[in-house]
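Report on the following structure.
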Amino acid sequence: CGLGSYDWDLLQDRIRWSDEMYEIYGFDKCTVPDLEAVRQCIVPEDRSIVDDAMASMSRCDIPESIEYRIIRSDGELRHVVARARPVFDQSGQMARLVGTLQDITQQKKSEQRYQTVADHTYAWEVWENPDKSFNYVSPACEEISGYSAEEFLADPMLFDRLVLAEDREIWSAHSHESISQIQSRREIQFRIKRKDGITVWIDHSCQPVTDKHGAFLGYRASNRDITERKNAEEELRQRDAEMAHVTRVGTMGEMATVLAHEVNQPLGAIANYAGTCVHLLESDQVNIDLLRNALTQIDQQARCAGEIINGLKRFVARTAPNCSQVDLSELIHDVCGLMRSQIQTHRVSLRLNLDESVPKVEADAIQIQQVLVNLIQNALEAMADNEPARSWITVTSKMTADGAQVAVCDLGQGMSPQVQEKLFEPYFSTKPKGLGMGLRISQRIIQKHGGSLSASLNPDGGTIFQFTLPCKLD
């Protein structure tokens, strides 16, 4: 198994070896181990390592382990690790030294092959020892971080200091995980600051390494510069946000007529109550109660108009994504209120079947509102030619195994298999003047929230659009 043991009687200067010790050194088992013969097997450049350990032994300062190379009697080079433990007699004098010698030649060959590859890869490879020191750092570290391999080898904590303060919690949680927690390859992403001050995104993956006996040898880690990919993702996110904003503004343009009617109702009521106030004030005897009631109604109608306008402003505002805990039932009611006049103009009934027990979801409320507005608008247009008896939309919410699900069901003409296949493709539309981006943008919004959006045929005729968002159960 490549692991030998020995027992050195220091008082009588006798050494007993296990069979594996003879095999490692290549000595005949009939010979008695001789210290000078053993020393001659050690590669000359490594003899000082053993000599220093022997000197430390005389001071009862035994090193935990030493690593050196030997040349067997047959000329074969081997790498070994020696470990020793002192045994003291009753007087406190060190009487014996027992220990092991492990042949790590195959491990060293594997490391050498790995190092040859790592030296020529674009990834920043690291071999970390159990004591957190570095055994090897690939040359690519300088291209990525600006620091040389020698700097990291001399100061292993340099890596920790490069991590940005905002990402240090991510790195700290990962680096403090125990070997029992990391049984397989792990990946995290964080940012570091290069030597020249430039911020770089790092994709870090690592896995523990053990020998064939299960002893922990450290970690092998790979760090890749993914800054360009992260910048591209951010640029795509900004384009998506811009397209979503344009779509919301376009939606408001399509709803302009009915929204004007929606706002005109409270404004007309305000004008009527204001006229009543003027009439009461011009009378000989002012009826305070009637005047108070008229002014109260003016206040209520003004608030109503303000809520409508503020709702529209929030819907079309160009804002950065802002995720929070969202109550889907409340959000659905808000969207239905926003679209009430449009629904009435199409002479369509709206049925809500909402499960109030569905937990809140982590989402951007404005973006989810945009998805619902788009789905309800599509449902309204799908039923433009329906008879009144078949002109109703059902919006449902419920909890499923995949998360919180919201469905918008219409009784329109449905869709063919060919249409269903292309439904979410960019620029595909069944509308004469449609841009073909509404459903595509809605799908991307839901996907960015970790959910899914799909369409299916309604068994009663028409189409069912449903999306699912992840949520945590209390």
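Heavy atoms only: backbone and side chains are in, while hydrogens, waters and symmetry mates are out.
Considering only heavy atoms from C-beta on, I144 comes within 4.5 Å of I202 through its side chain. Proximity of L3 to E20: side-chain heavy atoms (C-beta onward) are nowhere separated by under 4.5 Å. With a 4.5 Å cut-off on side-chain heavy atoms, S454 and Q466 count as touching.
Annotation: salt bridge (Lys or Arg N to Asp or Glu O under 4.0 Å) contacts involving residues 286-295, sequence neighbours excluded, comprise D289-R292. Residue pairs meeting the side chain to side chain donor-acceptor pair (under 3.5 Å) criterion with at least one member in residues 323-334, sequence neighbours excluded, are Q325-E362, S329-E356. Every pair passing salt bridge (Lys or Arg N to Asp or Glu O under 4.0 Å) that includes a residue from residues 155-164 is listed here, sequence neighbours excluded: D155-R161.
For D410, the side chain to side chain donor-acceptor pair (under 3.5 Å) criterion is met by no residue, not counting sequence neighbours. With sequence neighbours left out, N458 forms a side chain to side chain donor-acceptor pair (under 3.5 Å) with no residue at all. Considering only residues two or more places apart in sequence or on other chains, F159 meets the ring-ring contact (aromatic ring centres under 6.0 Å, His included) condition with W124, W171. Listed by chain and residue number, R191 satisfy the salt bridge (charged side-chain N to carboxylate O under 4.0 Å, His left out) test with D167 (two or more places apart in sequence, or in another chain). Scanning for salt bridge (charged side-chain N to carboxylate O under 4.0 Å, His left out) contacts around D203 gives R224, with sequence neighbours left out. Remark: K195 engages E151 in a side chain to side chain donor-acceptor pair (under 3.5 Å) (not counting sequence neighbours). Judged as a side chain to side chain donor-acceptor pair (under 3.5 Å), and not counting sequence neighbours, the contacts of Q443 are R440. In this structure, E169 has no salt bridge (charged side-chain N to carboxylate O under 4.0 Å, His left out) partners at least two apart in sequence or on a different chain. Every residue two or more places apart in sequence or in another chain was checked for a ring-ring contact (aromatic ring centres under 6.0 Å, His included) with Y147, and none qualifies.
Between the CD atom in E125 and the SG atom in C141 there is a gap of 11.0 Å [rounded to 0.5 Å]. How far CZ of R69 is from OG1 of T105: 11.5 Å, rounded to the nearest 0.5 Å. From C471, atom SG reaches atom CD of Q405 across 11.5 Å, with rounding to the nearest 0.5 Å. To the nearest 0.5 Å, atom CD of residue Q370 and atom CG of residue L375 are 10.5 Å apart. Atoms OG and CG, on S397 and L469 in that order, are 11.5 Å from each other to the nearest 0.5 Å. Atom OG of residue S205 and atom CG of residue N223 lie 7.5 Å apart, to the nearest 0.5 angstrom.
Looking at N374 and S442, their side chains do bring a donor and an acceptor atom within 3.5 Å of each other. Side-chain atoms of D402 and T400 include no donor-acceptor pair closer than 3.5 Å. Judged purely by distance below 3.5 Å, without hydrogens or angles, the side chains of K448 and Q367 never pair a donor atom with an acceptor atom.
In terms of heavy-atom proximity, A404 sits nearest to V361 at CB-CG1, 3.9 Å. Heavy-atom minimum distance, T227 versus T199: CG2-O, 4.4 Å. Minimum heavy-atom separation, S138 to A123: OG-O, 3.3 Å. Residues M415 and L457 approach most closely at O-CD2, 3.4 Å, considering heavy atoms. In terms of heavy-atom proximity, R194 sits nearest to E142 at NH1-O, 4.2 Å. Pairing each heavy atom of L162 with each of S145, the nearest pair is CD1-CB, 4.2 Å.
If you run side chain to side chain contact (heavy atoms under 4.5 Å, CB included) between W392 and each of L350, L411, I343, N386, only L411 comes through.
Side-chain atoms of S133 do not come within 3.5 Å of backbone N or O of N129 as any donor-acceptor pair. Checking side-chain atoms of H346 against main-chain N and O of Q377 turns up no donor-acceptor pair under 3.5 Å.
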Could you give me the CA-CA distance, side-chain angles and deciding distance for I393 and M383, then say whether side chain to side chain contact (heavy atoms under 4.5 Å, CB included) is met? CA-CA 9 Å; I393 298 172; M383 296 189 297; 3.3 Å; yes
Should V371 and F465 be marked as a side chain to side chain contact (heavy atoms under 4.5 Å, CB included) after you check the CA-CA gap, both sets of side-chain angles, and the distance that decides it? CA-CA 11 Å; V371 173; F465 283 93; over 6 Å; no
Residue pair I446, I368: steps toward the side chain to side chain contact (heavy atoms under 4.5 Å, CB included) verdict: CA-CA 8 Å; I446 296 299; I368 304 304; 4.0 Å; yes
Could you walk me through whether I170 and H174 pass the side chain to side chain contact (heavy atoms under 4.5 Å, CB included) check? CA-CA 6 Å; I170 298 172; H174 172 76; 5.8 Å; no
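Surrounding CZ of R347 are at most 12 heavy atoms belonging to other residues, nucleotides or ligands under 6.0 Å away. Annotation for D131: atom CG counts as buried by contact number, over 12 foreign heavy atoms lying within 6.0 Å. The number of heavy atoms from other shown groups lying within 6.0 Å of NZ (K193) does not exceed 12. When the shell of 6.0 Å around CD of Q189 is examined, it contains more than 12 heavy atoms from other residues, nucleotides or ligands.
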